[in-house]
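Following: one structure in structure tokens, then a few remarks.
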Amino acid sequence: MASLVSSWSSDLKCLPDNYVLPEGKRPGMPVPVSNDIPVIDLGDGLDYSRADMVQQIAKAGQDFGLFQVINHGVSKELMADAMNVSKEFFGMSTEEKAKYYIDSVALEEKAGCRLYTSSGYFLAQGFDFWKDTLQHPCHPLQNHINSWPDKPKNYREVMGPYTTQVRKVAMKIMDMIYQGLGLEADDTEKEFNNYNLALSINHYPACPDPALALGCCRHCDPAILTLLQQEVYGLQLEKDGHWIGVKPLPDAFVVNIGLLLEVISNGKLKGAVHRAVTNSACSRNSLVTFVGCPTDVTIKPAAALISPTNPPLYRAFNNKDFHEFVFANNAEFEAVIAYLKLKT
Ligand SMILES: O=C(O)CCC(=O)C(=O)O
Ligand SMILES: [Fe+2]
């Protein structure tokens, strides 16, 4: 438990050696925020049609794999409450958090509510990431809410409605993504109700040397879709071989295309390759809601997108095997992509 970064890092002047990344993996000079990443208004009563919205989402998914959404239907108040309760959680004493803590080695075996440090993928690499994470499943809510933290006392009261509403936004976006891909409603991949939902609350304490450490390694989420709420800058996207900063916009969600959707779309949509940097001025929390598939499902390019002129670019695989592979390979991006792609 003493290993949670948040339990020992305040007032630290020097970065401990195990957080100093090998040269090629360091973030180095600060990366400015980009104004190019699409911001899509999902509000009702806009002067453009749903078909335009579908097009905007499809284009952003192809060009960036990542976009922001505003006027999505989750209220400002609920988003602020969720961010505040996440700060209160990490502000609690080490003893209070201890009952959720698990060692990263046990991560793969233990589902449910867990608090861990670094990335969970760090062991084989010999270095750590500057982050603590609380993660738990969320859907169906009644099956999971009792395993969530009971402190701060309004944790469940806030995060219950928050995750339910974020899920609604995710489903609305998924619906438009499937429409943009030309997939029909009866496609098996469209069984939204079977999709699971997990919330990760990442906490990145202020870091003594942000140029040498990372909060979260370069990766692509092994999910369908991810919705992320941030207040302080830290998220970066890899675009055309360069890192660009994702601007924190008040009340927006950052939407990431995950690897499962890249496969289902047969590469029409790009999984967003991203990472999180730290800063020395203040701590940062990100609230990350992952939409994923059940473990026993076979993932493959949607049949409707395959033809003699559009052969499958990815293989069919079992989702559980895939997650085991990601874990065993420290989420190393190149290895994960090689696992998914058919050799041409
Ligand atoms: O904190 C962030 O901005 C990124 C977190 C992330 O990529 C993840 O939890 O998968
Ligand atoms: Fe991620």
Side-chain angles (χ1 to χ4, degrees), residues 5-6 25 27 30-31 33-34 37 61 64-69 79 82-83 86-87 89-90 104 107 114-122 128-138 163 166 170 196-207 210 213-239 243-250 252-262 269-279 282-292 322-323 326-327 329-333 336-337:
V5 186
S6 47
K25 292 184 189 278
V31 171
V33 294
S34 164
I37 295 173
F64 289 85
L66 181 148
F67 51 93
Q68 307 218 45
V69 291
M79 291 182 78
M83 185 54 83
S86 79
K87 290 179 191 168
F89 177 85
F90 280 100
S104 296
L107 259 184
R114 62 254 180 102
L115 172 65
Y116 54 94
T117 191
S118 198
S119 77
Y121 295 124
F122 70 96
D128 286 328
F129 294 99
W130 194 259
K131 146 170 114 70
D132 298 328
T133 299
L134 172 72
Q135 188 183 72
H136 53 66
C138 307
T163 55
V166 173
N196 54 41
L197 199 76
L199 177 69
S200 272
I201 302 177
N202 297 311
H203 175 69
Y204 308 93
C207 176
L214 271 178
C216 191
C217 63
R218 174 180 184 254
H219 70 285
C220 202
D221 296 339
I224 293 266
L225 202 69
T226 304
L227 269 68
L228 179 146
Q229 180 184 340
Q230 60 172 348
E231 192 175 56
V232 173
Y233 172 62
L235 176 63
Q236 297 180 345
L237 170 73
E238 196 179 78
K239 170 99 172 85
W243 289 104
I244 57 175
V246 183
K247 198 179 195 163
L249 295 177
F253 284 106
V254 179
V255 181
N256 271 338
I257 304 289
L259 284 169
L260 301 184
L261 197 49
E262 176 170 328
L269 301 173
K270 288 281 165 259
V273 182
H274 58 285
R275 68 181 186 185
V277 296
T278 62
N279 76 81
C282 62
S283 65
R284 168 175 185 262
N285 280 14
S286 62
L287 274 50
V288 191
T289 309
F290 299 100
V291 180
F322 172 56
H323 276 85
V326 172
F327 192 84
N329 286 273
N330 310 309
E332 192 58 57
F333 181 69
V336 171
I337 284 290

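Note that ligands are numbered from 1 as they come in the structure, with each ligand's atoms numbered from 1 the same way.
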Which atoms from ligand 1 have a heavy atom of L228 less than 4.0 Å away?
-> 2 (C), 3 (O), 4 (C)
Atoms of ligand 1, numbered as shown, that sit under 4.0 Å from any heavy atom of R284 = 1 (O), 2 (C), 3 (O)
Identity of the nearest option to atom 5 (C) of ligand 1, non-hydrogen atoms only, from N202, L287, D221, N256 = N202
What part of S200, side chain, backbone, both or neither, has a heavy atom within less than 4.0 angstrom of ligand 1?
-> neither
Side chain to side chain contact (heavy atoms under 4.5 Å, CB included) between V288 and Q135, worked out = CA-CA 9 Å; V288 191; Q135 188 183 72; over 6 Å; no
Check whether any heavy atom of H219 sits under 4.0 Å from an atom of ligand 1.
-> yes
Whether Q230 lies under 4.0 Å from ligand 1, heavy atom = no
At the Fe ion (ligand 2), what is the angle formed between atom NE2 of H274 and atom OD1 of D221, rounded to the nearest 10°?
-> 100°
Grab the two heavy atoms, one from L287 and one from S86, that are nearest each other, plus how far apart they are.
-> CD1-OG, 3.6 Å
Using modelled atom types only, decide if a donor and an acceptor are shared between the side chain of Q230 and the backbone of V254 within a distance under 3.5 Å.
-> no
Rounding to 0.5 Å, atoms CD (Q229) and CZ (F253) come to a distance of 5.0 Å
In Å and rounded to the nearest 0.5 Å, what is the CG to CG distance from L197 to L225?
-> 10.5 Å
Could you pull out all residues at least two apart from Q68 that satisfy side chain to side chain donor-acceptor pair (under 3.5 Å)?
-> none
With the side chain counted from C-beta on, respond yes when L214 and K25 share a heavy-atom pair under 4.5 Å apart, and no when they do not.
-> no
Purely on distance, is any nitrogen or oxygen of Y204 under 3.5 Å from one on ligand 1?
-> yes
Taking both backbone and side chain into account, is any N, O or S atom of H219 nearer than 2.8 Å to the Fe ion (ligand 2)?
-> yes
